[in-house]
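Below is one structure, written out as structure tokens, with a few remarks after it.
Residue numbers start from 1 in every chain, and the chains themselves are labelled A, B, ... in the order their sequence lines are given, proteins ahead of strands.
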There are 2 protein chains.
Amino acid sequence: MSRKPFRRASDAERRADLIDAMLDCIAEGGIQNATVREVAERAGVSGGLIRHYFATKEQLLHAAYRHTMVAMTEISAEAGMADGKSAQAKFAGFVSACLMPPMIDARRLSLWAAFIAMARIDPAMGAIHRESYLEYRGLIERLLAGAYEEAGRSVAPVVVRRLAIEVNAVLDGLWLEGSLAGDLFEGQELLKAGLHSVGSITGLRLDHIEG
Amino acid sequence: MSRKPFRRASDAERRADLIDAMLDCIAEGGIQNATVREVAERAGVSGGLIRHYFATKEQLLHAAYRHTMVAMTEISAEAGMADGKSAQAKFAGFVSACLMPPMIDARRLSLWAAFIAMARIDPAMGAIHRESYLEYRGLIERLLAGAYEEAGRSVAPVVVRRLAIEVNAVLDGLWLEGSLAGDLFEGQELLKAGLHSVGSITGLRLDHIEG
DNA sequence: TCGCTAGTTATACACTTGCATAATAAGCTC
DNA sequence: GAGCTTATTATGCAAGTGTATAACTAGCGA
């Protein structure tokens, strides 16, 4: 009748572990598989502990969703921030990053889809979605505006916004296709498609860009 | 102790009812809410009946997924088949149809996302996905090839295929954005974005097309 | 009208679910 | 090291889960 020995972890560490475990559950078995017990086991922790950090399973889910979207935004934002590059090169780097690992990733896609499916059902999930969507679109808008300014082209803000929507759409779509069926695309096919289509939409030449 | 009176329905009718009920469950409460009892109640039928038509709940889910994708493909295929139109107009009609109701629809998106999330988890769902994806892409490829031929432009099949992938991606992305947050787009904004971006990618002028 | 078939309901069962509660022990403070 | 706080485990519970089984009845054919 001896209890399992344990180690007291910091608040941040435990939360992160639980979020990771929750994401693993969803990615590998779908939302239906993300039960309190399954999450706890994956986190190497007893079931009751979850309630100590999150009032309810739903709240853990919300935290996991937010975590996922913040991570994705960060990955591509970084690619669009590299120093010592022209604005157009930054934009091209951003587009490329969106269409390569670690962004192109089947697991990421499964998670994203599971969350999106709940965005309309659970208002809190909907709010998280909108928040991250607008942030992402804003990022594209800024990169785009920078590239146009550098190229000496004056484009009205309202047009930049519309183009950002379109760019976001292609990137979403290609990201989707690539993550879902990466084996259908050989080599750099996805990347080429992205640079070409984004280039066509924006009127910027994104291939042949150096530093 | 009197039983509920009932009516014996045809095989096709009952299956359709059950599939509809299953889709309602998923759309309104997520996969987690699609329980045997909930589906049965929505279909106005006792729980056990489901087993009479589908060996397992999973099989009903597969049928529901297939049904959803076939319906979506049909809607946009029809728009690309209208008689008495030029090939370019057909293509433009197809693009437009993809970005308007009934294609742009929050419920449809929730369903799609819930299914996509399972595509990597459940092999059968994965197969259904791949099947419908390839059919959709093939449809775009044919419409595109027709439009190029009509315009007197000779484009290599491999290029048409790549452009079809890109077009599919923008349409997916815009469909996503429109269905998720239709209120962020005023009037014809989504449609304009679609015609512009697809036009840019393909080099075809899709606006200003009559009959 | 009288079966008979099979579509349909009702019930049971073993198991899982999320959450509440109480008991325990890790590890800090003094 | 003693004592205290609280992170952590263990257990319990009511509700819900998918499916198997048996009883019933609608509606066809004779």
Measure from the side-chain heavy atoms of A:L49 and tell me the nearest of C:dT8, D:dT19, D:dT8.
D:dT8
Between B:H52 and C:dG7, is there a contact of a side-chain N or O with OP1 or OP2 at under 4.0 Å?
yes
5'-most contact on DNA chain C (nearest-nucleotide basis), B:F6 vs A:T35, goes to B:F6
Any carboxylate oxygen within less than 4.0 angstrom of a Lys/Arg side-chain nitrogen, looking at B:R161 and A:E189?
yes
Do the side-chain N or O atoms of A:T56 get closer than 4.0 angstrom to the phosphate oxygens (OP1, OP2) of C:dG18?
no
Hey, is A:R107 close enough to A:E28 for a salt bridge, meaning N to O under 4.0 Å?
no
To the nearest angstrom, how far is B:F54 atom CZ from D:dG18 atom C1'?
16 Å
Determine: side-chain N/O of B:R8 to OP1/OP2 of D:dC28, distance under 4.0 Å, yes or no.
no
A:Y53, nearest nucleotide to its side chain (from D:dA7, C:dT5, C:dT9)
D:dA7
From the options D:dG18, C:dT8, C:dG18, select the nucleotide whose nearest atom is closest to the side chain of A:V36.
C:dG18
Provide, to the nearest angstrom, the distance between the CD atom belonging to A:Q32 and the P atom belonging to D:dT17.
13 Å
Rounded distance in Å - CD (A:E41) to P (D:dA10):
13 Å
What's the CD1-P distance between A:I50 and C:dG18, to the nearest Å?
9 Å
Looking at B:E38 and B:R42, is any side-chain nitrogen of the basic one under 4.0 Å from a carboxylate oxygen of the acidic one?
yes
In whole angstrom, give the distance that lies between atom CD of B:E58 and atom P of D:dT17.
17 Å
Go nucleotide by nucleotide along DNA chain C from the 5' end; which of B:R14 and B:R37 gets its closest nucleotide reached first?
B:R14
When you measure from the side chain of A:R3, which nucleotide among C:dT9, C:dA23, C:dC19 comes out closest?
C:dA23
Side chain of A:S46: nearest nucleotide among D:dA10, C:dA10, D:dC13?
D:dA10
Whole-Å distance, B:I31 CD1 to D:dT17 P, equals 14 Å
To the side chain of B:R51, which of D:dA20, D:dT8, C:dT8 is closest?
D:dA20
If you find the nucleotide of DNA chain D closest to B:A34 and the one closest to A:G44, which residue's nucleotide is nearer the 5' end?
A:G44
Give a yes or no on whether a salt bridge exists between A:E13 and A:R7, defined as a side-chain N under 4.0 angstrom from a carboxylate O.
yes
Would a 4.5 Å heavy-atom cut-off, applied to side chains only, mark A:E166 and A:V198 as touching?
no
Want to settle it: does B:K57 or B:K4 sit nearer the 5' end of DNA chain D, counting the closest nucleotide to each?
B:K57
Taking atom P of D:dA7 as reference, at what distance in whole Å does atom CZ of A:R15 sit?
11 Å
